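Taking it in order: structure first as structure tokens, then the write-up.
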Amino acid sequence: MFTNCSLGHCHIIIAVVLWSICVDSRKIRGISLSYKRFYRERKSFLCIDGSKMIPFDQVNDDYCDCMDGSDEPGTAACPNGRFYCTNLGYRSHYIPSSRVNDGICDCCDASDEYRSQTPCQNTCRNLGQRERAEVEGQTRVLGERLRLKQLLIEEGVLTWREKQAQLRDLQRVSDDLQTQLDDLRKEEARRKEEADALREREIGARDTADNSPTSHYRPESPISVFKELDSNRDGSITVDEVQAKLSPVQDEEHALSEDEAVALLGGAHRVDLSRFEETLWTSLRTGDSVTIKGRRGVPGSLADEDPNIKAAVSGISFFLFFLAAEKAAADLKRVEDAYETVYMEIRDLREKLSIDYGSEREFLFLHNQCLQLKVYEYIYELCPFSQVTQKSASGEVVSLGKWGSWAGPPENPYCQMRYESGEPCWQGPTRNTMVMLICGTETALRSVKEPSKCQYVMELQTPVSCQPALRQRGIHSEL
Ligand code: MAN
């Protein structure tokens, strides 16, 4: 192109090329890439709001023609104009066009001060590097938090499975205990029936024994008979006492003579216990000469001598039976207690498992933890999914609410917890607590406030509340 031209011609051509570059850059200054299509060099320019058509060389001519300021994107002519800082290497953004060439560097690429005396440096590269480093740091931290979150989710999954298995085991134990209980109760009913029957038999036998003309109630030992006959309690039985208390077997009305009494005492007028056993006691036991007045039966006779008495002795077997029944009742009580304990455990576990621990059960790991924070004179304690308390310096513990529900907005319900129905506040409402969950590396209680009387707000930090998408504005995105 330049080979055949004279020097003068060349100057003209160069000047034309430079002018056209200059004109072009004048036209496109202050415009973002996406708006460039409105600024194609044609004969005329249509204001972007469509309000007016102007010759194209009036664009960026430092005179405002369009109402929307679109004809002066690269000058300060329009009051509502805006200038686009391309800021290559950093963040692009708009500034009000009034700041163009105002002597202050607004765009980091210095493009807004193209005609001012201020020597603006292009700092976009440095800013971009710094921001990228920052974002990388944040991304690393977030990545670490999300890794921790994943671990906690996995821990939650394991805990959930364990609890389910525990529930199944408890259910099995409960079923076994239920079977045992059924058996023991049946056994108890059977025993009761048997006991009633035995008791009736015993009562019947005693009645029969008492009413039988041949079988009588009898003292059991020589001592008791000796004591009974020894009216004056002097440790011996005299002839008088024998005459007063004894009578012939077949004739109770007939009194014994003194001789008969002396004979019964082995020829003595007075006998002690040992002589009594050798003499009168032997006569009484044979039951064929004398008996105790007003009494039936043969003192000291053996139970098995009389079938009725023998039946009455079933009291002993009843006693043994009763012992066995007592043992059975103790067994029943033991199984009932065990069943009760297992029942409560199942109930607690079911209650625990019915709680909403998040879409991935990511909050399950918090269930058995309590987190504390001291704020002024109070120690606050949050036991997630259970309760919130406030302990004062005097040691008094006040309930700030029991687990209620998740309380975040519908699109993110798991960002707030509500604890309600705590201790009533003096001349105020019932204490309630709202727990705000925030993303952080550690799981800890970060703050407690009481914005209005007895209404508490806590911040609980945990990696579980971190979200994978940290919404970053791209370094080159347009506003
Ligand atoms: C206690 C605490 C406080 C509360 C007052 C209300 O001192 O529970 O947090 O504000 O009672 O009387």
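The structure presented is a predicted model; accordingly, all values stated were derived computationally and were not measured. Indexing begins at 1, ligand by ligand and atom by atom, following the structure's order.
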Test: [X]-[Y] SG spacing under 2.5 Å:
| X | Y | answer |
| --- | --- | --- |
| Cys120 | Cys105 | yes |
| Cys85 | Cys108 | no |
| Cys439 | Cys466 | yes |

By side-chain contact (heavy atoms from CB on, under 4.5 Å) - contacts of Ser394 (at least two apart): Ser392, Glu396

Sequence-distant partners of Arg130, side-chain contact (heavy atoms from CB on, under 4.5 Å), two or more places apart: Leu127

Set of residues satisfying side chain to side chain donor-acceptor pair (under 3.5 Å) with respect to Thr462, sequence neighbours excluded: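 By the side chain to side chain donor-acceptor pair (under 3.5 Å) rule, Thr462 matches Thr443.
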
Those protein residues which place at least one heavy atom below 4.0 Å from ligand 1: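 Tyr378, Gln390, Cys425, Arg431, Glu450, Lys453, Cys454, Tyr456.
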
